[in-house]
There are 2 protein chains.
Amino acid sequence: MSAAKEILERLAGCPLPEWHLVEPSLRRKTLESGETLFLSGMACPYVYFVETGIIKMIYETCDGDAWVKAFAAEDRFFTSLAALLPGGVTSFSAVAACPASVESLPYHLLDQLGDKHPQWQRALRKGFELYGFRKEARERDLLTLSAEERYQRFIEEYPHIAERVTDRDIAGYVRVTPVALSRIKARIKLRQMEEKDAS
Amino acid sequence: MSAAKEILERLAGCPLPEWHLVEPSLRRKTLESGETLFLSGMACPYVYFVETGIIKMIYETCDGDAWVKAFAAEDRFFTSLAALLPGGVTSFSAVAACPASVESLPYHLLDQLGDKHPQWQRALRKGFELYGFRKEARERDLLTLSAEERYQRFIEEYPHIAERVTDRDIAGYVRVTPVALSRIKARIKLRQMEEKDAS
DNA sequence: ACCGCTCATTAACTCAGGTTAACTCTGACC
DNA sequence: GGTCAGAGTTAACCTGAGTTAATGAGCGGT
């Protein structure tokens, strides 16, 4: 059973017809930690499915900083929306945050199956919906939370990711420098000690 | 010709069949500046189409701050994705940033028409796609740009909005306080003066 | 004309975060 | 075992943004 099939059928909420049509286009790729899956600015009309490991999606700025847009761990799918549009290119890079293996499918194939079968159409719609939903949450966090709150929320919400990636990458996600993250962690620890002493 | 029809057909790229079915459900509402269209946390499974004016979507934090998620001006549609899911509620409030008039359609109706006609399905898919695309751009700006850069980009990208809303709202969008925005503007003006003097 | 209101600006102060650099720890490799 | 590179921590200094408060401009209502 491929990760792609499992993820897509979970989205559809039912078995997907004509899976044999996608089988030949399914590619699996294993990545070492730090290895690049795709670079920003490339044509890359694929949807990716994480089998094992963690992929980080990063925006690189002209002065060399790299900010983490999102992590995708086991059983997640991801893609660059911008790259799915005809003639489009990726707007970020995807890099393994630890050893990982991913599957990929060309989007045009999913698109075709969507036109043929309502079950596929449903999977795609749900996929876009979920994507939008996650982006909305991320946007809200970036707008309304302080750096410290973003860090706290991240380790609460994604503990299984937090313990497997470097603090450097967590800092990139929280949108602070590694030095600042270290200070934030020290501040939190200090407060916890004080609370213990008080009680 | 309603704004909703115009916007949806532009998304579909073709005329939409059975428009007479949506006509009876189309509601128009005019809002004064500062009037609320819907509040965060409400059931609100509608898609809105801006006919005239500007609507701001805001996140309110528990300590009373209001951050602007996005503006929607003439010929834009918007909705709270979270509120479209069955049993879902809005995750932000929508308020008129200047006198405005909007149309609304219940999402379930669009959903039904999507199941009946590929043209409608296409309009919805394109709608979600566009929504995701915009969210992606906003996320990137918040992650990779400084406050000053976000301000500059905003007035370059949306000059027709920038000149019609208060600096207070622009500050909320740029994610700084009005005081900080005023300083940023002063800084930019100062630099422009210096450049003129030098040349 | 006057009042009261909101908005924008400016200044003074505080503080969180960026920058740089030194230091430690760990693990990989020879 | 020795060495080297990368990750994380800590300190010192600087900058930009939040906070508070005072001031002025514009506007609607009386």
How about A:Met42 and A:Val89: do any of their side-chain heavy atoms sit closer than 4.5 Å?
no

Do A:Lys56 and A:Val165 have side-chain heavy atoms sitting under 4.5 Å apart?
no

Go through B:Asp111 and A:Arg125 one step at a time and tell me if the salt bridge (Lys or Arg N to Asp or Glu O under 4.0 Å) criterion holds.
CA-CA 11 Å; B:Asp111 208 27; A:Arg125 263 277 287 289; 2.6 Å; yes

When all nucleic acid strands are considered with a 4.0 Å heavy-atom cut-off, which category describes A:Ser182: base, sugar-phosphate, or nothing?
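Base contact - A:Ser182 has a heavy atom under 4.0 Å of at least one base atom.
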
When you get a sec, tell me which of C:dT10, C:dT19, D:dT10 is the closest nucleotide to the side chain of B:Ala186?
C:dT10

Taking the side chain of A:Val179 as its heavy atoms from C-beta onward, which of C:dT10, C:dA21, D:dA7 lies nearest to it?
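That would be C:dA21.
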
For atom [atom1] of [X] and atom [atom2] of [N], their distance in whole Å:
| X | N | atom1 | atom2 | value |
| --- | --- | --- | --- | --- |
| B:Asp169 | C:dT6 | CG | P | 15 Å |
| B:Glu148 | D:dT15 | CD | P | 15 Å |
| A:Leu181 | C:dG17 | CG | C1' | 12 Å |
| A:Leu143 | D:dA17 | CG | C1' | 16 Å |
| A:Asp167 | D:dT10 | CG | C1' | 15 Å |
| A:Ile188 | D:dG8 | CD1 | C1' | 16 Å |
| B:Arg175 | D:dG16 | CZ | P | 18 Å |
| A:Asp65 | C:dG18 | CG | P | 10 Å |

Over all heavy atoms of both residues, which pair between B:Ala70 and B:Tyr173 is shortest? Give the atoms and the distance, please.
CA-CE1, 4.0 Å

Please evaluate residues B:Phe71 and B:Phe154 with respect to the criterion ring pair (Phe, Tyr, Trp, His ring centres under 6.0 Å), reporting the C-alpha separation (whole Å), side-chain torsions for both, the decisive distance (0.1 Å), and the verdict.
CA-CA 11 Å; B:Phe71 293 106; B:Phe154 176 69; 5.8 Å; yes

What about B:Arg183: does its side chain form a donor-acceptor pair under 3.5 Å with the base of D:dG18?
yes

Hey, does the side chain of [X] come within less than 4.0 Å of [N]'s phosphate (OP1/OP2), counting only N and O?
| X | N | result |
| --- | --- | --- |
| A:Thr166 | D:dA7 | no |
| B:Arg187 | D:dA17 | yes |
| B:Lys185 | C:dT9 | yes |

Between B:Arg168 and A:Val176, name the one whose nearest nucleotide on DNA chain C is closer to the 5' end.
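The 5'-side residue here is B:Arg168.
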
